[in-house]
2 protein chains.
Amino acid sequence: MAKTKKQQVFEAAAELFMEKGYMAASMRELADRVGLIQASSLYNHLKSKEEVLRKICFDNAEKFLIGIGEVEASDTSPTEKLKALIRLHIRIAIDDPTSVTVFNDEWRHLSEHYLQDFLAKRKDYEQRFKAIIETGISQGAFKAVDPNIALYTILTSVRWIHYWYKPARNISLEKLESDLFTLLIQGLEN
Amino acid sequence: MAKTKKQQVFEAAAELFMEKGYMAASMRELADRVGLIQASSLYNHLKSKEEVLRKICFDNAEKFLIGIGEVEASDTSPTEKLKALIRLHIRIAIDDPTSVTVFNDEWRHLSEHYLQDFLAKRKDYEQRFKAIIETGISQGAFKAVDPNIALYTILTSVRWIHYWYKPARNISLEKLESDLFTLLIQGLEN
DNA sequence: GTCTATAACTTGATAGAC
DNA sequence: GTCTATCAAGTTATAGAC
């Protein structure tokens, strides 16, 4: 299937938002990047600049929320759940690094109504993630570190993947996963 | 010593850059925040908006480069050096969370000449940090993980501190340090 | 050192021809 | 669906009075 022009526009926008940041990215520059189109014509494919940001932010939020739902539903130990969550972050980051980077870095430019919705979803995700860590601690599987410190250390630890990891590099997805398990889980486990 | 107006302006700017991002922060809003001053009058205290960003980015870069220089000069094991580096990041983050957040997130809006200089300094820092990890691996003190994965996991792990850590909270600096050592070093050590 | 006024420019978005 | 033309609003920064 060939990409529709709308898809091309949205993908180019995500790249531009990643490279320059949402606020520094102009519709004229987006048009240049899509090629052979004027900025005004972009409005046949999108309603506004913010609509593109909204789609990126909420599509990724949904990916993470669906993912953590599956992890919660699985009948496994806290350690296995934590591994599955790290795998989820790696998978989403490698599946579409551009999109997830914009999601990570540009959500604050959502307008107020959407920003509130987004922050509520993020808070929900973080609390469910933290609950898994807390269960592990109370069961004695994890060390008695502060759950917030463990949570944010793990959450931010996977945010560099897009910037550094390229499959072409001589490091495999398996090595990436196992090194991250070593670094992030071995410190936590009893 | 009372703060000079210049200091007040630069501090308010850093706060504004942190909250809204450099590109979304306007000189008019900065003036409102400083209070009882018009945007045009700010130019008696700064040469340009970018001058403020430059000062923030290069002051922090210098803090990290001086810090890693001291760590390198110390005659200690890779594990102790790594602990000292984590302590360095925590100290800088807690000492001035606003400034270090702008340094972390807004450097890309430096104009070309300064951007190149900044990126060279960052690359220097990362390579010296990585060299310490590599020494630990080759000496057998650390596990044979990929040095880049370890480097970026550690570097990004301390970036949430500003957003979450408040000394008023019922968690001490000592607990923060020891939990981060547990999480970040225990996974790496043999 | 602060003000008002404004220059010079860029921004997101729309109207209407084709 | 794309174009040209344009609007209205916002931007950084400067000039010159006080």
Side-chain angles (χ1 to χ4, degrees), chain A residues 1-58 102 105-115, chain B residues 1-58 102 105-115:
Chain A
M1 277 286 273
K3 281 176 196 166
T4 66
K5 191 126 200 183
K6 179 169 177 170
Q7 283 176 309
Q8 291 175 46
V9 169
F10 274 65
E11 283 178 24
E15 280 172 34
L16 188 60
F17 293 171
M18 177 179 74
E19 288 173 30
K20 318 216 9 171
Y22 177 76
M23 290 301 291
S26 77
M27 297 303 285
R28 285 163 181 81
E29 194 173 356
L30 174 56
D32 284 349
R33 211 172 259 238
V34 172
L36 301 171
I37 193 170
Q38 294 299 311
S40 58
S41 305
L42 293 172
Y43 288 86
N44 280 305
H45 307 286
L46 49 83
K47 281 196 273 296
S48 68
K49 185 183 171 187
E50 203 201 323
E51 186 208 11
V52 183
L53 179 63
R54 277 203 298 271
K55 179 161 170 52
I56 293 169
C57 290
F58 286 98
V102 174
D105 296 344
E106 307 299 330
W107 54 265
R108 66 171 151 181
H109 299 110
L110 291 168
S111 58
E112 205 176 79
H113 172 77
Y114 296 99
L115 182 59
Chain B
M1 278 286 272
K3 280 177 198 167
T4 67
K5 193 125 200 183
K6 178 168 178 172
Q7 282 177 310
Q8 290 174 46
V9 169
F10 274 66
E11 282 177 25
E15 279 172 35
L16 188 60
F17 294 170
M18 177 179 74
E19 287 173 30
K20 318 217 6 170
Y22 177 77
M23 289 300 292
S26 77
M27 298 303 284
R28 287 168 180 79
E29 196 172 355
L30 175 56
D32 285 349
R33 212 172 259 240
V34 172
L36 302 171
I37 194 169
Q38 294 299 311
S40 57
S41 305
L42 294 172
Y43 288 86
N44 280 304
H45 308 287
L46 48 83
K47 281 194 273 295
S48 68
K49 185 182 170 187
E50 204 202 322
E51 187 208 10
V52 184
L53 179 63
R54 276 203 299 268
K55 178 160 171 52
I56 294 168
C57 289
F58 287 98
V102 174
D105 296 344
E106 307 298 331
W107 54 265
R108 67 171 149 181
H109 298 110
L110 292 167
S111 57
E112 207 176 78
H113 171 77
Y114 296 99
L115 182 59

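Every chain is numbered from 1, with letters handed out A, B, ... down the list of sequences.
Scanning for side-chain hydrogen bond (donor to acceptor under 3.5 Å, both in side chains) contacts around A/Q8 gives an empty result, with sequence neighbours left out. Applying the side-chain contact (heavy atoms from CB on, under 4.5 Å) rule to A/D105 yields the partners A/T101, A/R159; only residues at least two apart in sequence or on another chain are considered. Legend: residues meeting side-chain contact (heavy atoms from CB on, under 4.5 Å) with A/Y43, ordered by chain and number and at least two apart, are A/M27, A/L46. In this view, B/K55 and B/D59 satisfy the side-chain hydrogen bond (donor to acceptor under 3.5 Å, both in side chains) rule, not counting sequence neighbours. For B/R108, the side-chain hydrogen bond (donor to acceptor under 3.5 Å, both in side chains) partners are A/E106, not counting sequence neighbours. Contacts of B/E15 classified as side-chain contact (heavy atoms from CB on, under 4.5 Å), with partners at least two apart in sequence or in another chain: B/E19, B/R33, B/T98. Applying the side-chain hydrogen bond (donor to acceptor under 3.5 Å, both in side chains) criterion to A/S111, with sequence neighbours excluded, gives A/E50.
Atom P of nucleotide C/dC3 and atom CD1 of B/I37 are separated by 6 Å, given to the nearest angstrom. Atom C1' of nucleotide D/dC3 and atom NZ of A/K5 are separated by 12 Å, given to the nearest angstrom. As rounded to whole Å, 12 Å separates atom P of D/dT14 from atom CD of B/E51. Across the protein-nucleic acid pair, A/L42 atom CG and D/dT4 atom P stand 13 Å apart, rounded to whole Å.
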What nitrogen or oxygen pairs link the protein and nucleotides 10-14 of chain C at under 3.5 Å?
from: C/dG12; atom 1: OP1; to: A/A25; atom 2: O; distance (Å): 3.1
from: C/dG12; atom 1: OP1; to: A/K49; atom 2: NZ; distance (Å): 2.9
from: C/dG12; atom 1: OP2; to: A/M27; atom 2: N; distance (Å): 2.9
from: C/dG12; atom 1: N7; to: A/R28; atom 2: NH1; distance (Å): 3.1
from: C/dG12; atom 1: O6; to: A/R28; atom 2: NH2; distance (Å): 3.1
from: C/dA13; atom 1: OP2; to: A/Y43; atom 2: OH; distance (Å): 2.8
from: C/dA13; atom 1: OP2; to: A/K49; atom 2: N; distance (Å): 2.9
from: C/dA13; atom 1: O5'; to: A/Y43; atom 2: OH; distance (Å): 3.4

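Distance NE2/B/H109 to CG/B/L53: 8.5 Å, rounded to 0.5 Å.
At a non-hydrogen distance threshold of 4.0 Å, nothing from residues 7-16 of chain B comes into contact with DNA chain D.
Residue contacts shown for A/L36 are limited to sugar-phosphate atoms, with no base heavy atom under 4.0 Å away.
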